[in-house]
K.L.:
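Here it is, the structure in full.
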Amino acid sequence: MLNKLEVHLKPAPVQAYQINGTTIHVKRDDLIHPLISGNKSRKLKYHLLKANEAKCDTLLTFGGPYSNHIAAVAKTAELCGLKSIGIIRGSHADVTNNTLKQAHENGMELIPVSVDEYNERNNYNYHDQLKLEYPTAHIVPEGGAGHEGISGAMEIVKELDQVYDYMVCAVGTGTTAAGFILSKPAQTKVLCMNVFKKADGVAEMINANLNLLLNNKEAVAEHATDFEVIDGYGFGGYAKVNDELKQFVRKIYADYHLPLDLVYTGKAFFGLLDLIGKNKIPTQSKILFYHSGGLQGNKGFGFDF
């Protein structure tokens, strides 16, 4: 099953960009695949292995109407010869938008549900209900989170041939950040760029992910200085954008041919350059920015470079 997927994925290079006198290395995981890009293929890897072990023929997952994760799971399932089901947030979600239309064309059964029901997506009792209804389905948490997702994210660091002072990533579920924290060299600090309106609970979310693998609160506490949650670059909240952000993303593409998405990497890269400009990151630091993909989501904003 995994072999069927991997033949469609491309290697992700690290590219260096000289921006305002600072060298920023970018792990271009957006180049892995147009839909299964960035951290999506990483986080789905071990979910696929688990589905195969359980002889499941369906991937069932959760996401919003413009979810990169939904798009990635649908395409992954199609390439692997599996069925897919997407539980979509909102009873009246527009299933004809670009993301969901493409997911449906890739074979995904879309099931819009009320926000109240969607909020049960991490409830094991709700999972038990879904398993009764779809007994041959492997349930993938929202965003590919969980033990499997963290294990996949840890492999990103293993591909690097340099040691960096800082690794920078956007934070959604905290899965990728946890993978970086658990696998990075001792001297590297992970800067977790908050893309929500406020950073309240983000550090706790990352720690909860760390505990999934470590299963020891004292061991989790030992990583307290290994990462920092950076706030102030949410541009009004999750999936909120404004003209300043759009202009920034367009300028980065025009000047450096580096495409960014408006929900995650655009905000995170804006924040990184602002930190450098304010000398909050030492000038000679070795910096790696992680490009987590998600470019298909720009279509939901009617945005193009």
K.L.:
Run the ring-centre check on H33 versus H8 and record whether the distance is less than 6.0 Å.
P.N.:
no
K.L.:
Tell me if a side-chain donor or acceptor on S285 pairs with a main-chain N or O of I287 at a distance below 3.5 Å.
P.N.:
no
K.L.:
Would you please classify the geometry between the F180 ring and the Y290 ring as parallel, tilted or perpendicular, with 30° and 60° separating the classes?
P.N.:
perpendicular
K.L.:
To the nearest 0.5 Å, what is the distance between OG1 (T61) and CD1 (I70)?
P.N.:
5.5 Å
K.L.:
Could you grab the distance from atom CD of Q187 to atom OH of Y166, nearest 0.5 Å is fine?
P.N.:
12.5 Å
K.L.:
Using 30° and 60° as the class boundaries, would you call the ring planes of F248 and F269 parallel, tilted or perpendicular?
P.N.:
tilted
K.L.:
Would Y256 and Q18 count as having a side-chain donor-acceptor pair, cut-off 3.5 Å?
P.N.:
no
K.L.:
Is there a ring pair (Phe, Tyr, Trp, His ring centres under 6.0 Å) between H223 and F227 once you walk through the steps?
P.N.:
CA-CA 7 Å; H223 290 283; F227 72 96; 8.6 Å; no
K.L.:
With sequence neighbours excluded, tell me which residues meet side-chain contact (heavy atoms from CB on, under 4.5 Å) with A16.
P.N.:
T23, H25
K.L.:
With K10, which residues qualify under salt bridge (Lys or Arg N to Asp or Glu O under 4.0 Å), at least two apart?
P.N.:
none
K.L.:
Between Y124 and H127, how do the two ring planes meet: parallel, tilted or perpendicular, split at 30° and 60°?
P.N.:
perpendicular
K.L.:
Passes ring pair (Phe, Tyr, Trp, His ring centres under 6.0 Å), F289 versus Y17? Steps please.
P.N.:
CA-CA 10 Å; F289 181 86; Y17 297 84; 9.8 Å; no
K.L.:
Taking the six-membered ring of Y164, is NZ or CZ of K286 closer than 6.0 Å to its centre and within 45° of its axis?
P.N.:
yes
K.L.:
Any side-chain donor paired with an acceptor under 3.5 Å for D116 and S114?
P.N.:
no
K.L.:
Report the residue from K45, K43, K50, H138 that forms a side-chain hydrogen bond (donor to acceptor under 3.5 Å, both in side chains) with E148.
P.N.:
K50
K.L.:
Carefully, step by step, assess Q296 and T99 under the rule side-chain hydrogen bond (donor to acceptor under 3.5 Å, both in side chains).
P.N.:
CA-CA 7 Å; Q296 73 83 30; T99 299; 2.9 Å; yes
